[in-house]
Every structure is written in structure tokens, then in C-alpha cells.
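Everything quoted here is computed from the prediction, not taken from an experiment. A, B, ... follow the sequence lines: proteins, then strands. Residue 1 opens every chain.
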Amino acid sequence: PTPPYLKWAESLHSLLDDQDGIHLFRTFLKQEECADMLDFWFACSGFRKQEANDGNEKMLKLAKAIYKKYILDNNGIVSRQIKPATKSFIKDCVMKLHIDPAMFDQAQTEIQTMMEENTYPLFLKSDIYLEYT
Amino acid sequence: IDSEDDLLQECISSAMPKKK
């Protein structure tokens, strides 16, 4: 069978589908001071998954927490990678209490594209990954 | 603030793949 670390090189999704892969990628991102991008990506996925079993109040609290931590501060690594229009859309949703499971989807896609084009290829060439393999 | 962070952390963990 293919060892997991070779699968990680196939696509960002194969990497993010493996606990050890996530751990190593996060260590790399931490070095580059952009681990927040990965946390945000997972927070968006988690937010979308919560809809079925959780009440509106919890969703609102969570949406506010994600907004405050990653988007509100324009100097934050995540905020800097998200388009202004996407940010104002999320801000509007939070302010008007329009909480929707898909409200972070566009922002997540933008961060994902950034990782696919930038940090993920760098990770595959990094000492951290090469030493692991 | 703590509970907000906990909520966020719980949300992030819920999206991670389970140990194989």
C-alpha cells in the first residue's frame, strides 16, 4: 500500500484527510506564521457541519467567534487573504444575524486556493516534509 | 472569552478526520 506521506503529495485534500499529515502541515505553517489559515479552513468545515444538530444560538456564537478571530482584524493572515467583498458579506451576515451554514464557504474557498497555490507546494519542498519522508 | 475559544476549538476538532 502507498505510504501516507506519498498520498499527502497527491493533493491538499489527501493531506488534510490524514491526522499526521495535518499535524505536519500545521507545524510547517506555524514556522511560516500562517497556521491560522489551516485553523480557519477547519473552522469553516466544522461550522457547516454543525447545522443539523445544533441550535441557532450556538451557530450565532460560533459565527461571531470565527468572524472575530480570523476576519475582523484586517492585519491577520486570514483576513489579508480574503477578498473585501467576501469579508463584508460575512460581516453583514453576523451583524444582521443571518446565520447560514454556507456563510463562510466563499472565504474558505479563497483560503483553500491560497494554500493550494502557495503554502501547500512550499510544504512539499520543505525540510519538515522531506525529513519526514 | 474562554468559552468562545473553546467553542471555536471544538468546531475545528469536529472537522478533523478521525484517527484511522
Seminar exercise, completed: Applying a strict 4.5 Å limit to non-hydrogen atoms, the region of A:Leu38 in contact with chain B is neither
Exercise. Can any side-chain N or O of A:Gln19 pair as donor or acceptor with the backbone N or O of B:Pro17 at less than 3.5 Å?
Worked result: yes
For this session: Using the side chain to side chain contact (heavy atoms under 4.5 Å, CB included) rule, take A:Tyr70 and B:Leu8 through it: C-alpha gap first, then chi angles, then the decisive distance, then the call.
Result: CA-CA 11 Å; A:Tyr70 300 106; B:Leu8 205 52; 4.0 Å; yes
Exercise. Is the count of non-hydrogen atoms from other residues, nucleotides or ligands lying under 6.0 Å from A:Glu10 atom CD greater than 12?
Worked result: yes
Exercise. Nearest heavy-atom pair of B:Cys11 and A:Gln50: which atoms, and what distance?
Worked result: CA-NE2, 3.9 Å
Exercise. Side chains of A:Lys61 and B:Ser3: closer than 4.5 Å at any heavy-atom pair?
Worked result: yes
Exercise. Can you tell if the side chain of B:Glu4 reaches within under 4.5 Å of the side chain of A:Lys68, non-hydrogen atoms only?
Worked result: yes
Problem set entry | Flag side-chain contact, heavy atom, 4.5 Å: A:Leu62 against B:Glu10 | no
For this session: Under 4.5 Å heavy-atom distance to chain B, tell me which part of A:Lys64 shows up: side chain, backbone, both or neither.
Result: neither
Exercise. What are the two closest heavy atoms between B:Ala15 and A:Gly46, and how far apart are they?
Worked result: CB-N, 3.4 Å
Exercise. Would you say the side chain of B:Ile12 lies within less than 4.5 Å of the side chain of A:Phe47, judging by non-hydrogen atoms?
Worked result: no
Exercise. Out of curiosity, A:Asp39 CG to B:Gln9 CD, how far, rounded to the nearest 0.5 Å?
Worked result: 7.0 Å
